[in-house]
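To start, the structure under review is shown below, and the notes come after it.
Because the structure is a prediction, the values reported are computed rather than measured.
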Amino acid sequence: DAEITQSPRHKITETGRQVTLACHQTWNHNNMFWYRQDLGHGLRLIHYSYGVQDTNKGEVSDGYSVSRSNTEDLPLTLESAASSQTSVYFCASSVGGQADTQYFGPGTRLTVL
Amino acid sequence: AQSVTQLDSHVSVSEGTPVLLRCNYSSSYSPSLFWYVQHPNKGLQLLLKYTSAATLVKGINGFEAEFKKSETSFHLTKPSAHMSDAAEYFCVVSPPNDYKLSFGAGTTVTVRA
């Protein structure tokens, strides 16, 4: 069955380190998204991509970067991790079109000490 | 700009009684509206979505929502709560011709036996 996976599921790192979170989907979806979830804020969009070589900033993109070299993967990189980036991160993908349904991965819990 | 406000951060109901989760939206155009559910330590799953085809939308697990343009509301209901309905629920808006989602802060549902 097609799916969307994230790795690692849990990560503890130190302030200042570079961290990369992986997202892989097997639906062949054009669109991929990264969100962070924090208490009281719902999910907030970090970066998104509408196709290979396309990347765009979301509402909370500072300190994060993404690259899209193929359809299946959109890795999220924290250039220099900060304690404020402790959060749960969700990746999602969608086909595209009106009222587009996004399919979410299981999440990665990141702790920055 | 599109946004949603979930009017209750927490709702507690007894098993077998109705559930009502309230959501108001703000949009300059006719939006697409969604309800997503997140069970503890899981990713998000689509419950239902409004795409302007019908104002009363039926979703999975007995949930439904009614789009009321005059009240700018998209409230989620279920006639009879089940213990498995205990979860976090998110009201979500997407503008026309755009794939990005804007999430409400979420409503936590507790179901009492």
Residue part contacting chain B, namely of [X], when any heavy atom lies under 4.5 Å:
X	answer
Q37(A)	side chain
R109(A)	side chain
L45(A)	side chain

**Request:** Quick one: sort the Y89(A) and W34(A) rings into parallel, tilted or perpendicular, breaks at 30° and 60°.
**Result:** perpendicular
**Request:** Look at the aromatic rings of F104(A) and F90(A) and report parallel, tilted or perpendicular, splitting at 30° and 60°.
**Result:** perpendicular
**Prompt:** Quick one: are the ring centres of Y25(B) and F67(B) less than 6.0 Å apart?
**Reply:** yes
Interface moiety of [X] toward chain A, non-hydrogen atoms closer than 4.5 Å:
X	value
L44(B)	both
L33(B)	neither
Q38(B)	side chain

**Message:** Strictly distance-based, threshold 3.5 Å: is any side-chain N or O of S80(A) a donor or acceptor partner for the main-chain N or O of R17(A)?
**Reply:** no
**Item:** Single hit among Y36(B), W35(B), F63(B) for ring-ring contact (aromatic ring centres under 6.0 Å, His included) with Y89(B)
**Value:** F63(B)
**Item:** Over all atoms of both residues, closest heavy-atom pair of P79(B) and G62(B)
**Value:** CD-O, 3.7 Å
**Message:** Please identify, among F90(B), F103(B), F34(B), Y50(B), the residue contributing the most non-hydrogen atom pairs under 4.5 Å to chain A.
**Reply:** F103(B)
